[in-house]
Every structure is written in C-alpha cells, then in structure tokens.
Amino acid sequence: MRLVWQLVAVLAVSFLGSQGLALVGDNPWLALVVGLATAVLAVLVYAWVVRRTERREVVEVSRQGAVSGLGWGTLLGVALFGLVIVNLAFLGSYTVHGLGTVTGAVGLVGFMAAVAAAEELMFRGVLFRIIEGWTGTWIALTATSLLFGLAHLVNPNASLWGALAIAIEAGGMLTAAYVATRKLWVPIGLHLGWNIAGSAIFSTEVSGNNTPQGLLDASTSGPMLITGGEFGPEGSVYSIVFCMLAAAVFIRVAYRRGHMVPLRRSARANTAVTLPR
C-alpha cells in the first residue's frame, strides 16, 4: 500500500499544479511562481507521506546536498542537451532565425520545474526505489525506464520511437543518477536542465508536447533519426548516445560506491537507508 499512497500523494500535487498553471494562462511570471511552488510542494508532500508510510528518515530528499545536487544536475542537463544541439547544427538540422521571447522562456522554466520534480518523485522516488527493493537494481531500472517511456505516449505528437528513446536515454540516465547518489536532487536537476535547455533556451519540441517558443526563434529539419521529428530532439540518436554515456558513468560510480542492489539481496534491501553513501 505504501507505493499506492506515495504515488497518489505526488499525483495529487502534480494535478493541482497543472490546474494552477492552466489558470494563470499566458502570464509567464505567475507560471514561474506556480511551477516552482508546485515543485517545492511535491517534494514536501513526498517527504511527509514516505515518513508516515515507511517510518524512516527520508534521506533521498534531505536538505544536505540539495543545492549542490540540483545545481550540478541542472548544469549537466543543459550541457548534454547543448551537445545534441551542437551536433544537429553541425549537420544543418538546427537553424536559429533570431531571438524568441524572454517572457516565454520564463513561463517554460516554471512549467518544467513542476514537471521535473513530479516525474522524478514518481518514477525514481517511488516506483524505482520500491521495485528495486523487490527485484534488485537492474530489473527495477529496466522496468521503470520502460514505464517512463510509455508514459510519454499520451503526448500530442508522441511516437513509439520517441517513447523508446525516452525510456533508454532519460529513464536510464535519470535512474542511474539516483542509484549513484541515492538522492533525488541530481535526477531532478538533470531532468530540469535538459527540459529547460530544450524548451526555454533552444526552443525545440520537448517530448512531443507542442512546446511554446523560448529564448531563440529556431527550427529543426532533417531525418527523424537525427532530429527526432515532431517528437523533438529527445527522439534523436544523438540524445540516446550522449545520455547512455552519462548513464554509464553514473552506473560506474554506483558500483564503486556499493549502491547496486543484487537480486539475491533485494527482498531485504531498504535502499534509501542501508546502502552506503
């Protein structure tokens, strides 16, 4: 039941946040405030419900390391997406026509903050963490990554290829970041930085969501495997390659720190408490 209660709690905050963002409409500054407030509230509610259902200290969202984890994660997310854009531009598949809108970018930051926090709490904080205790790290990583990809099939311009790409690149990298650190701050930062770069900075489509324009007036063109097509650069082979490389580094760190949970130990593993950090 703990999985259900924790998911319901985070989903409830996410729903309320989405309604709030819908109410503020096209006001970017209110969207920024509502989005950031939703992200903070989601973390607080997650910590409260986990504490109540598991009777433990919720170390995965403890204040220690929060600022540095979010900061480095965000910078890495922006850098990784930037590498994808550099490669697309080199091939002539990404073109900047001029400047977009600062206010549009501001609103997108708020929206993406709410999305990053809610999705990481649900998929890494609840689903992966609990399933890992039943099955071990690798099975849980594979299962929740697939679920993460499938969840993006409901987006307006979704495709099976895009969902598979998300499962491999984002599901794998973000989960690996959690396993390496055993905290949610780096995954939330990574998710946020990646989405901000894709939307607010480079003005590309993000996960097929009909994303509004950000700082740049830009467009992509070329083969779907290179650009991701209507789904956006997350469907690009460059995104898959760069994110898989980042995931491999995180997994290596996780092994060195003894954070991987083998199947034979999973039944009695309490990963948030007993694993060394």
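Just so it is clear, the structure is predicted and the values come from calculations on it, not from any experiment.
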To the nearest 0.5 Å, atom CZ of F202 lies from atom CG of L215 at 9.5 Å

For this session: Report yes if some heavy atom in the side chain of T53 is under 4.5 Å from a heavy atom in the side chain of M1; otherwise report no.
Result: no

**Q.** Side-chain heavy atoms of F81 within contact of P233, under 4.5 Å
**A.** yes

Report task. State, without any angle test, whether W194 and E234 hold a side-chain donor-acceptor pair at a distance under 3.5 Å. Result -> yes

Rounded to the nearest 0.5 angstrom, the NZ-OG distance for K183 and S62 is 3.0 Å

Exercise. With distance as the sole criterion, is a donor-acceptor pair present between the side chains of S239 and E169 under 3.5 Å?
Worked result: no

- Could you tell me whether the side chain of L80 reaches within less than 4.5 Å of the side chain of M173, counting heavy atoms only? yes

*asked:* Please determine whether the number of non-hydrogen atoms from other residues, nucleotides or ligands lying under 6.0 Å from atom CG of N210 exceeds 12.
replied: yes

**Asked** Is any side-chain heavy atom of V33 less than 4.5 Å from a side-chain heavy atom of W29?
**Response** no

### Query
Is the closest side-chain heavy-atom distance between Y178 and R129 below 4.5 Å?
yes

**Message:** Taking CG in L99 as the centre, count heavy atoms belonging to other residues, nucleotides or ligands within less than 6.0 Å. Is the count above 12?
**Reply:** no

OG1 of T103 to CG of N27, rounded to nearest 0.5 Å, is 9.5 Å

E54/R2 salt bridge by N-O under 4.0 Å criterion | yes

dist Y94:OH -> T220:OG1 (nearest 0.5 Å) comes out at 9.0 Å

**OP:** Determine whether the side chains of Q213 and D217 contain a donor N or O and an acceptor N or O closer than 3.5 Å.
**Re:** yes

Exactly one candidate in Q6, E120, E60 meets side-chain hydrogen bond (donor to acceptor under 3.5 Å, both in side chains) with Y46; the answer is E60

### Message
Could you walk me through whether F111 and N195 satisfy the side chain to side chain contact (heavy atoms under 4.5 Å, CB included) test, starting with their C-alpha distance in whole Å, then the side-chain angles of each, then the deciding distance to 0.1 Å, before giving a yes or no?
### Response
CA-CA 10 Å; F111 177 78; N195 282 0; over 6 Å; no

- Does R124 make a cation-pi contact with F148, if we ask for NZ or CZ under 6.0 Å from the ring centre and within 45° of the axis? yes

Taken to the nearest 0.5 Å, the spacing of T95 OG1 from L216 CG works out to 12.0 Å

| message | Do L11 and V8 make a side-chain contact, defined as non-hydrogen atoms from C-beta onward lying under 4.5 Å apart? | response | no

Cluster overlap V58 with V13, hydrophobic side-chain contacts below 4.5 Å | no

In terms of side-chain geometry, is the basic nitrogen of E132 or R182 positioned less than 4.0 Å from the acidic oxygen of its partner?
yes

message = A side-chain contact here means heavy atoms from C-beta on lying under 4.5 Å apart; do N157 and N209 qualify?
response = no

**Message:** Is any side-chain heavy atom of W161 closer than 4.5 Å to one of F231?
**Reply:** no

